[in-house]
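Step one of this worksheet: look at the structure below.
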Amino acid sequence: MCKLYSKPFHTIVSLQKGDNWERFRITIHLPLADGWFERVRLNVIGSESFNLNGVTYDICHKQNDETYAVFEGEVTLETSALYYYYISYKCNGVYRVLKRGDISQDQTVTKQECFKLSASFSAPEWAKGAIMYQIFPDRFYRNASVKIPEIQGRRVMTDWEEKVPLGPNEAGEWNTEFYVGNLLGIIDKLDYIQSLSVSIIYLNPICYGQSNHLYDTIDYTQVDPFLGTKEDLKKLCKEVHKHGMKIILDGVFNHTGNRSIYFDQFAEHGDKGAYHNPNSPYKNFYRQTWHNGTKYFNFWWGHKTLPECDTLSEEWIEYVTGVGGVIDQWFECGIDGIRLDVADELSDLMIERIFLAVRRNKPDGFLFGEQWDNPMRRNRGFLKSGKGMHSIMNYHLISPLIGYYNYQNMQDLSNTLNEIFTEYPKDTIDTMMNFTSTHDISRAIELFATNSFNPRKGHSWDLDYGNTSDFVKNHSLTKEEYEFGKEKLKSYLVALAFLPGIFSIFYGDEVGLQGIHNLANRAPFPWGKEDQDLLSYFREMLAARVKCEFLKTAECKIKEISKEHFIYERISEWTSLLVVASRTHHETNLHIPKEYQNAEVIFSVGEIGRERLMP
C-alpha cells in the first residue's frame, strides 16, 4: 500500500481589527515524515520597496497530530493594503522556504513567489466581481414629466437622435448642448439595466454644473436642475436598492467650475466668491501660485473654466468630508459609494479623509478612483496605505488587452497581467473596474471596427486627430466595418468579462452605440434602434458569469497568450473555469487540458469543439 506524501501548508486568520492595525493567527503545518523542524518563521515584507530583510516573527511549536507538526503564533500588522510574506524553517538542519506553489532550499524569494496579505484593508463584498453599468445621465433617458428650466447659456437639443455637436458654440463655450436625460429617466429603465445582470450603477457627475458633462461643479449640494432634484436622487437610490442593486456617484473634488458659488469669477452669486473677494469663506479652497509678487489661481491643465482646488487645505477637505459636508449629504440620499475623478491628482490626505467619510456613512461603502497606470508603482499612499481607495478604473489593463487583439502585442498584455496579479492587493484585483469603454475614450465598437488608432502615442485608443477635427466630425462606420468590429468585440468581451474584477458597461456599448474620441462617444442612447444581436450576446454572457458565484473572488492563472489564443483559468478551492478566447479570424487547433475534457461549456461565441476553436 502506497503512502501519500503530505505537503506543508499554512492558514492565516484575522482575530481583531483596529483603526490602524489588524491581528492575525498564523498556523503552519509541516509533515512529520520530513524530519525535525526548527526556526520556523514568518517573514513579512512591506510593499513600499521589496526587500527580503523585512520583519521576522518566530512561530512556536504547538502540537503534533498524526501527520503534521503544527506551529502557531499571533502577529499584529499596521494597516496596509499589501504585505508580502513567506515562511522559512530548518528541516534536519537544512534551510527551506515555503512560498507560493513551491518549497525550496533557495534562499532567494521573488515578489511573484510570495504570498500576499492585507491588514485592516478590505473592499465591500458586494463590489467584488460585480457587473457595473456606467451612465452619462444627460444622454441615457428622458422622463418627460421633469420640467426643463431655462438656464442661460444652455442649448436644449430637441431631437434625441441628433448627432452630438463638437467644438465651441458661437460664444466660444464648450459642451453647452444638453439632451436632457434625467434621474427619473434612469428609474424608468431600471428593469432594462437589471436584464444585463447589473448589480452596480455608476453615474457620471450629477451635481449642478456649468457644462453637459458636469465635471465643472457650480454647487455640490444641488442636483443639476436638468437632471432633477435631491428628492429625485433619493427616489432613484430607493428604486435601485429595490432592484437589488447599488449606486455610486462621481466625486469631482480636484477642481470646480469658474462660475461656481465658491469661485464665482463673474460675480453671479453675490460677493462671496474667492475670485474677487480676498476675505471669501472659500478663499482657501483653491490653489494659488505667487509669480513676480502677484498671486495667481491655478487652473486644471490650463483650462480657465476649471480652477484647481487645494486638496491639502483643511477648509476644503472639511467642506467635502466633514460632518454634514458634501459626502454626508450625498449618502443621506441613499448612495453606496463614490468614484473619484482624477484621483491621482488629489492629495493622499484628502483621499484618506474621503474614505473615512464614506465609512462613517456606510461601513461597507465603496471608494474607487480614476487611475491610468499602476498605482502601486507611484510614490503615493492613496491605495497602498490601506487608508484610501479600495480600487481603481483599470485603464492599465484595458489598453494592452485591446492592443493584444488589434496589434498582436502579446508581451505588453503578459507583463501587465503579471504586474497586476503580483503587485495589487487581492481586494483591489477583485474590484478593478474593467470597462468596455468610458466617457474618456472611444466607444467599444469603434475600438475594433477601424484602424484609425495610433497606439504608439501611449494607449490603444489614442488618435492622431483632435476631438473636434473634421475626421471625427465626419466619421461613421460602414456596415461592413461595424459587422467586422462586432465579431472581434464579441471575442474580446469574453476575454474581459471573466477576468477578476468588476465588469463595467458604458451605457450603449451593449447595443453597438458608436462614437470616436471623447466627445462624440457621449451620444444619446439609441432607444428603439438597438443592435438586438449584440444586446442578447451581452445578456447571455453576463448571465453565465453571475451564475458562477465563485468568480467573484477566484484566483486567476494565465495559461497561454499567443497569436491565436488568450487562455486563462479561474480557480477557487472547490471549482474552476477555463476561459478560451480567440484573437484570429480563422478556425484554430485547440488543446483542452485533460481535467476540462468533459467539463460543461457555460458560454461560447459560436460553435466550439474540444480540439478546434472557431474565430
Open item on the list: The test is side chain to side chain contact (heavy atoms under 4.5 Å, CB included); show your working for Met245 and Tyr133 and say whether it passes.
Closed with: CA-CA 10 Å; Met245 297 184 285; Tyr133 197 76; over 6 Å; no

Open item on the list: Per the salt bridge (Lys or Arg N to Asp or Glu O under 4.0 Å) rule, what does the pair list look like for residues 396-408, sequence neighbours excluded?
Closed with: none

- [ ] Pick out which of Trp527, Phe525, Trp160 makes a ring pair (Phe, Tyr, Trp, His ring centres under 6.0 Å) with Tyr141.
- [x] Trp527

Open item on the list: If the condition is side-chain hydrogen bond (donor to acceptor under 3.5 Å, both in side chains), which residues does Gln265 pass it with, not counting sequence neighbours?
Closed with: Asn258

Open item on the list: Going by ring pair (Phe, Tyr, Trp, His ring centres under 6.0 Å), Phe435 matches just one of Phe503, Tyr395, Tyr507. Which one?
Closed with: Tyr395

Task: Ring-face cation of Arg583 near Tyr404 (centre distance under 6.0 Å, axis angle within 45°) - done: yes

Task: Test ring pair (Phe, Tyr, Trp, His ring centres under 6.0 Å) applied to Phe299 - qualifying residues, sequence neighbours left out - done: none

TODO: Please assess His255 against Glu345 for the test side-chain hydrogen bond (donor to acceptor under 3.5 Å, both in side chains), listing each intermediate value before the final yes or no.
DONE: CA-CA 10 Å; His255 46 264; Glu345 298 187 41; over 6 Å; no

Open item on the list: Do the side chains of Glu162 and Arg155 get close enough for a salt bridge, i.e. N-O under 4.0 angstrom?
Closed with: yes

Open item on the list: If we count only N and O atoms by modelled type, under 3.5 Å, do the side chains of His475 and Gln514 hold a donor and an acceptor together?
Closed with: no

Open item on the list: For the CZ atom of Phe506 and the OG1 atom of Thr436, what is their distance to the nearest 0.5 Å?
Closed with: 8.5 Å

Task: Working for side chain to side chain contact (heavy atoms under 4.5 Å, CB included), residues His396 and Thr416 - done: CA-CA 7 Å; His396 189 50; Thr416 303; 3.8 Å; yes

Open item on the list: Phe453: which residues meet the ring pair (Phe, Tyr, Trp, His ring centres under 6.0 Å) condition with it, sequence neighbours left out?
Closed with: none

TODO: Scan residues 517-537 for pairs that pass salt bridge (Lys or Arg N to Asp or Glu O under 4.0 Å), counting only residues two or more places apart or in two chains.
DONE: Glu161-Lys529, Asp440-Arg522, Lys486-Asp531, Lys486-Asp533, Lys490-Asp533

Task: Step-by-step salt bridge (charged side-chain N to carboxylate O under 4.0 Å, His left out) determination, Glu308 to Arg287 - done: CA-CA 6 Å; Glu308 275 190 331; Arg287 287 186 62 204; 2.7 Å; yes

Task: Check: Tyr465/Ser452 side-chain N/O donor and acceptor closer than 3.5 Å - done: no

TODO: Check the pair Leu417, Ile561 against side chain to side chain contact (heavy atoms under 4.5 Å, CB included), reporting the backbone distance first and the verdict last.
DONE: CA-CA 11 Å; Leu417 287 166; Ile561 301 176; 4.1 Å; yes

TODO: Check side-chain hydrogen bond (donor to acceptor under 3.5 Å, both in side chains) between Tyr407 and all other residues, then give those that pass, not counting sequence neighbours.
DONE: none

Task: Any side-chain heavy-atom pair of Cys309 and Asn254 under 4.5 Å - done: no

Open item on the list: Please enumerate all residues that pass side-chain hydrogen bond (donor to acceptor under 3.5 Å, both in side chains) together with Trp174, with sequence neighbours excluded.
Closed with: none

- [ ] Start with the C-alpha distance between Phe253 and Tyr220, add both sets of side-chain angles, then the distance that settles ring-ring contact (aromatic ring centres under 6.0 Å, His included), and finish with yes or no.
- [x] CA-CA 10 Å; Phe253 304 126; Tyr220 289 94; 5.7 Å; yes

TODO: List for me each residue that meets side-chain hydrogen bond (donor to acceptor under 3.5 Å, both in side chains) alongside Arg545, sequence neighbours excluded, and say none if there are none.
DONE: none

Task: Whether Trp461 and His459 hold their rings parallel, tilted or perpendicular, with breakpoints at 30° and 60° - done: parallel

Task: Matching residue for Asp427 among Lys552, Lys116, Lys128 - test: salt bridge (Lys or Arg N to Asp or Glu O under 4.0 Å) - done: Lys128

Open item on the list: The criterion is ring pair (Phe, Tyr, Trp, His ring centres under 6.0 Å); which residues satisfy it with Phe448, sequence neighbours excluded?
Closed with: Tyr492

Task: Residues which pass ring pair (Phe, Tyr, Trp, His ring centres under 6.0 Å) with Tyr424, listed by chain and number, not counting sequence neighbours - done: none

- [ ] Look at the aromatic rings of His390 and Phe366 and report parallel, tilted or perpendicular, splitting at 30° and 60°.
- [x] parallel

Task: Within 6.0 Å of NZ in Lys557, more than 12 heavy atoms from elsewhere - done: no

TODO: Show your reasoning for whether ring-ring contact (aromatic ring centres under 6.0 Å, His included) applies to Phe603 and Tyr537.
DONE: CA-CA 10 Å; Phe603 180 75; Tyr537 183 85; 5.2 Å; yes

TODO: Applying side chain to side chain contact (heavy atoms under 4.5 Å, CB included), run through Tyr215 and Trp300 and close with a yes or a no.
DONE: CA-CA 12 Å; Tyr215 281 95; Trp300 186 70; over 6 Å; no

- [ ] Give a yes or no on whether Asn474 atom CG has more than 12 heavy-atom contacts from other residues, nucleotides or ligands under 6.0 Å away.
- [x] yes

- [ ] Supply the atom-to-atom distance Tyr179 OH to Met157 CE, rounded to the nearest 0.5 angstrom.
- [x] 3.5 Å

TODO: Please list all pairs passing the side-chain hydrogen bond (donor to acceptor under 3.5 Å, both in side chains) test where one or both residues lie in residues 366-375, with sequence neighbours left out.
DONE: Arg339-Glu370, Glu370-Trp372, Gln371-Asp373, Asp373-Arg378, Asn374-Glu419, Asn374-Glu423

TODO: Could you list all the salt bridge (Lys or Arg N to Asp or Glu O under 4.0 Å) pairs where at least one residue sits in residues 442-460, not counting sequence neighbours?
DONE: Arg443-Asp509

- [ ] Identify whether the distance between the nearest side-chain nitrogen and carboxylate oxygen of Lys559 and Glu569 falls below 4.0 Å.
- [x] yes

